Protein chains: 2
Amino acid sequence: MRFDKANGRYGFILAGLLVGACGGGDKALLPPAPPAAPPPDPGQTAAAVDKSDPRSSTAPSPKRPLTSDEGMWLLSDFPSDRLGKLHGFSPSQEWLDHVRTSAARVGAGCSGSFVSPNGLVLRNHHCAAHCIEQLSTAKKDYIASGFYAKSEKDEVKCPEMEIAQLLSITDVTDRVLAATKGLTGARFNEANKGEQSKIEKECAKSDDVRCDVVTLYRGGRYNLYKYQRHQDVRLTFAPEFATAFFGGDPDNFNFPRYDLDVTFLRVYKDDKPLSGGHYFKWSPSGAKEGDLTFVAGHPYKTSREITVAEFEFLRDVELPAKLLRLSEWRGLLTEFQTKGAEQKRIASGRLFYIENSVKGTKGRVEALRDPDVFGKKVAAEKELRAKVDADPAMKEAYGGAWEAIAEAEKKMKNLQSRYVMIESGAGLWSDLVEHARRLVRAGTELAKPNEQRLREFVDSQKPALTQKVTSTAPIYDELETLTLTAGLTGLRAELGPDDPFVRKLLGKETPRELATRLVKGSKLRDPKVRKALFDGGEAAINASKDAMIEFARSIEPEARAVRKSYEDDVEAVVKKNAELIAKARFQVYGTSVYPDATGTLRLSFGQVRGWEEAGRKVTPVTTLGGAFDRATGKDPFALPKSWIDNKAKLDLSTPFNFSTTNDIIGGNSGSPVVDQEGRIVGLVFDGNIHSLGGDYAYDGKDNRAVSVHSAALLEALDKIYGASRIVEDIKASR
Amino acid sequence: MRFDKANGRYGFILAGLLVGACGGGDKALLPPAPPAAPPPDPGQTAAAVDKSDPRSSTAPSPKRPLTSDEGMWLLSDFPSDRLGKLHGFSPSQEWLDHVRTSAARVGAGCSGSFVSPNGLVLRNHHCAAHCIEQLSTAKKDYIASGFYAKSEKDEVKCPEMEIAQLLSITDVTDRVLAATKGLTGARFNEANKGEQSKIEKECAKSDDVRCDVVTLYRGGRYNLYKYQRHQDVRLTFAPEFATAFFGGDPDNFNFPRYDLDVTFLRVYKDDKPLSGGHYFKWSPSGAKEGDLTFVAGHPYKTSREITVAEFEFLRDVELPAKLLRLSEWRGLLTEFQTKGAEQKRIASGRLFYIENSVKGTKGRVEALRDPDVFGKKVAAEKELRAKVDADPAMKEAYGGAWEAIAEAEKKMKNLQSRYVMIESGAGLWSDLVEHARRLVRAGTELAKPNEQRLREFVDSQKPALTQKVTSTAPIYDELETLTLTAGLTGLRAELGPDDPFVRKLLGKETPRELATRLVKGSKLRDPKVRKALFDGGEAAINASKDAMIEFARSIEPEARAVRKSYEDDVEAVVKKNAELIAKARFQVYGTSVYPDATGTLRLSFGQVRGWEEAGRKVTPVTTLGGAFDRATGKDPFALPKSWIDNKAKLDLSTPFNFSTTNDIIGGNSGSPVVDQEGRIVGLVFDGNIHSLGGDYAYDGKDNRAVSVHSAALLEALDKIYGASRIVEDIKASR
């Protein structure tokens, strides 16, 4: 599943980085590995050369040719000419505007799109699973059974979901650069963040407008993204997990696939379905082999232009540690699920998410360990540095940047465990702790002037913050105790039992004793209790005797200290110097390349195409009939009863899933696949195994995006689920 | 704990490579990572330069100076002169013979020693835990309560333990080299192994003699080790787990430590305690800071002279995959233990072992990822290759060896998952499957002439094989189902659900269904059933309808095929070329260096010494009083009741644990620490965290062995446990 992300928006827990699914707001997916480099600042991409594709010679920059279909393009800088040369179609500005306004931003972990005039949103099942799970109970498990609202009043609100439509993009580079001119270290960081918070506040005049300053080209450019924000999002349709994730973990990141990984949501405004907005029409036939396809989505983060030192840090320090942690947690939850049906239900979302992340991270580490990938990275850096060193002025301005970043990474190596375990919260894995820490920190931060706050507490973030505080998502004590025990055990293992902070937290208790006591001693599972503390501010927080609040207060000094070390000694240095390298790269290679992904809207193009796997040709399109052939009747290869019962009604030759050469990455899950007419032909839900290396380089030879075909969606809605309301809504949109 | 080993003796399951503790015979410790290089053939060591120690200039080879106390020396090549120069003491041949005959070989994973004239053997608790667990029941848990046989008749036989005393070492290099002259690939391998099997058979004329041909200097030398074999080994004393492993996983590989990690066993012959054998006397006072110490034990495997390609394979492929698997299993067993007291008991041995292995492997991977360690490795190889290339004759003879090994490692990369999952059995994690596979393979192999058999089924291995087949160790269905489900899930994940072998094994069943059916459908938990099949040979095996036997039969063709690929395309190539490199190294640097560890007896020397940790001096000796200071009363920092009750009787200033500069590694657990008089002053049970890199290089600056002090052993036996029989036996030996 393509919704995993290595780092959170700002790389800390309170922006929502603990385990969950890619539901609402900035809710992210996993106890984060901390940022190795400035988390939200990816770099400009010139990327790898596709040796196999003759068309790469048509790339815009003769010095740094792009692979044929490579690129996660800004909608404000789309290479229409290049596309015309490659595929004979040059999108107009109008076409691009249509795509921009019909795409939906759905939290930082996933993508989506509007597909009807009545606020209907198309999304992946795995990206809405968090909501579906939150709405389920021991008696009614919508993950297992699926969900269909037969009438408008049956549509149920998701507790933590936010969907946003991009209204405008404004360049604010000059303002941000002016604010940091001549500054370094902590002062650079403060000024940089303070100015961004200021710009956002000026922009977000009401709660239904969301404004984010986005750092592009690793600091080479700053853009202000202004969105219409919707927090009343209701569940309309979800199929059974058994078809949404047919093949399960074994098939994840594989192809051929047979997954109906879809959810339909509906955006409401003033308690009525949103009307009059932009949306994509539905293609009557969908895509076939060779067709040109566009993917409009929010790729979360690529690292194609990090330095060699950052690359090595990811490969040798950050990702291996994350993988070990996740593997152990996978084992814990797998065995927890054998305790009973209810335990199976309440842990399934997290386990699904962890398995996805294990597989994705493993693929990324393997790409980083590939000597070819590393060799290209080293060669590209060497080339750029040689060009910089050959020019005295450039050498003076940029020559020291690589070494400065390498030094910062060395410091990060010593800081990493503490940062991940404490500030990022991997050693405090628990929804209740996350709530408590958010409340404690909000108490302190909201009392400060806007520009001096931590970035996740600035005024423009307040609606997202409030949504999290008041979320009605259920919290299960048994699972909380398990996760917090695991977190604290990991914390003690990583920092050592004699670490003063560990001693302070644990005292004479075991991790399990402490976790049990905290979970029992907290009332924070009740959103009303949280709301009261949130509204009561610092005074209410300081007066609280809730066990979790007291625990969070005791964590705060150390967590803030390690965050400050990271921000001053690592983040600020990497940011500043990455900006210098970006400038050098602009000067040497020009600007007609795309920036690294930043979780904001990008457009990629490609074709429906298979590839060769171990000498065998993989066909790019599967059929509904293929799903029946592959089914064993046993999880995860069991089709749901609805499919078996309605098999006779189906046209089994209907295309089901398909692969394309679009350059996508985690965060693209749920992206609409559209044709030249801007009509829906598919829904991205995965990439093949080769796509995992795409974080570091795109290889058009075998990197493939994997989508559900638009025809299969309609066929299943109509003939299996009898979801006539949705079918009509979609057909009306044609 | 220093008993972890990455590879089994021959790198396959049937030599006993599934999970267990380091109990009897060749019973090894973990579902193996497969051999990256020829498993039992480590290389000659010249090792790292200790920049900090002026005494390194006294090393024998001016070109490749050894760190002061570096070296796992052969008793037949001990550098007495060098030791005299360094520490003013040169052991005589008589002294060395005394050490050789008093040391005990106790399976391939641990060490031990004879310490009384009545067959009393000193060993670690963690190395005998497998036996203690096997003798325990739901009603009587000796792991928790400890064990003390008040009289001879209370001593209980360990089901799978073998202890051996080294009788002689004979050089058989010429014979083995003559047999393989001019051969390559599969034919080299067959001839090489066939000749070794032949030599062993000629030597082992009766079941109480054990003969192993040992490959030293990666094929530069072959020695025949002849042992007196003892299979009647009885448990005499074990303390409570709480003191044996005080500090648990958090303190493992740390120092200061406070562990009474000891077990006393007794060797019987003809149903009477062994008498008249060699043994170590007990020092009256034990070692103090600065004292010279010797460690005589069986370090399992070092890889100090592998090539850069082998190093990279370990770092990037083999060990990371192993770590992920172990981490997930750790999570599974941790949560399994929360199901109840009995589940906690039956899983504790495995979990303990896995945690130890996770920590050890993690330390090793980190050492491999250390740029300094890698840099030295690359530089050393470059230097040797340059010298080889500069001499036309050497270039002709040895010049191609490194590339040949690199090519073999590339092949291994493709083979690795299949090898580990199928032949090594990581995808078939279960005692019952291991028994079934051993029986099926024995049926086929024992029908062949001795020289044509797989190495673990040659006649000289038959006593060890029979011991395993007839073991009375209990098998728990619930745990079997858990482990086999985990194994099969991993198998499917690694090889993919569409792999023909995976499809054949699973059919339409889930891993859990298959595991459950197999465990229920097998009678192999009964040793009598196994013995009957073993004695019935191939015909009985082929006729068996036991579910596990049928399953093992279905695995056999694929398992043998992948093993053959490994042996012909990887093992044979690496072996042959490592031998060439060993010859080149002899020619360039001479022979006065020690060979890489091979699980056979070695002697290291050192001093009781602390080190500096982050600028802070670590004192090398702790006291019994320190244990009481550190105790929190909560697991794993809870002292047992016996300690609390008898605290007043103890001399709290008695030295408890201590650190020395001895060069040890996994397999050295249980090694006696002796003084210049050859008397017991301690019992090795661990190394500090810096010692984990010792697999690849010894750094005398901070690599430390950690031992239980002889005085603490006596004080505890006497005043806490009232174990007068043992105290008297030991004191009589003085």
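Since this is a predicted model, take the numbers as computed values, not measurements. Just so it is clear: chains get the letters A, B, ... in the order the sequence lines come, proteins before strands, and each one is counted from 1.
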Give the member of A:Ala638, A:Pro636, A:Pro250 that has the highest number of heavy-atom pairs under 4.5 Å with chain B.
A:Pro250
When only pairs under 4.5 Å are counted, which of A:Asp635, A:Leu324, A:Asp316, A:Leu333 shares the most heavy-atom pairs with chain B?
A:Leu324
Who among [options] has the most heavy-atom pairs with chain A under 4.5 Å?
options: B:Gly331, B:Ala486, B:Gly633; result: B:Gly331
options: B:Leu323, B:Val365, B:Thr334; result: B:Leu323
options: B:Arg630, B:Arg315, B:Glu366; result: B:Arg630
options: B:Gly247, B:Pro371, B:Pro320, B:Gly507; result: B:Pro320

Scan B:Tyr476, B:Trp329, B:Phe336 and name whichever one has a side chain to side chain contact (heavy atoms under 4.5 Å, CB included) with B:Leu482.
B:Phe336
To the closest 0.5 Å, what do you measure between CZ (B:Arg350) and OG (B:Ser357)?
13.5 Å
Is it the backbone or the side chain of A:Glu513 that comes under 4.5 Å from a heavy atom of chain B, or both, or neither?
side chain
Name the region of A:Ala631, side chain, backbone, both or neither, that has any atom closer than 4.5 Å to a heavy atom of chain B.
backbone
Counting only pairs under 3.5 Å, give me each side-chain donor-acceptor contact of residues 489-497 of chain A, with atom names and distances, residues two or more places apart or in other chains.
from     : atom 1 : to       : atom 2 : distance (Å)
A:Thr489 : OG1    : A:Thr485 : O      : 2.6
A:Glu494 : OE1    : A:Ser417 : OG     : 2.7
A:Glu494 : OE2    : B:Lys362 : NZ     : 3.3

Heavy-atom closest contact (A:Ala367 atom, A:Gly693 atom, distance):
CB-CA, 3.5 Å
Determine whether more than 12 heavy atoms belonging to other residues, nucleotides or ligands lie under 6.0 Å from atom NZ of B:Lys413.
no
Quick one: ring pair (Phe, Tyr, Trp, His ring centres under 6.0 Å) partners of A:Phe311, sequence neighbours excluded?
A:Phe374
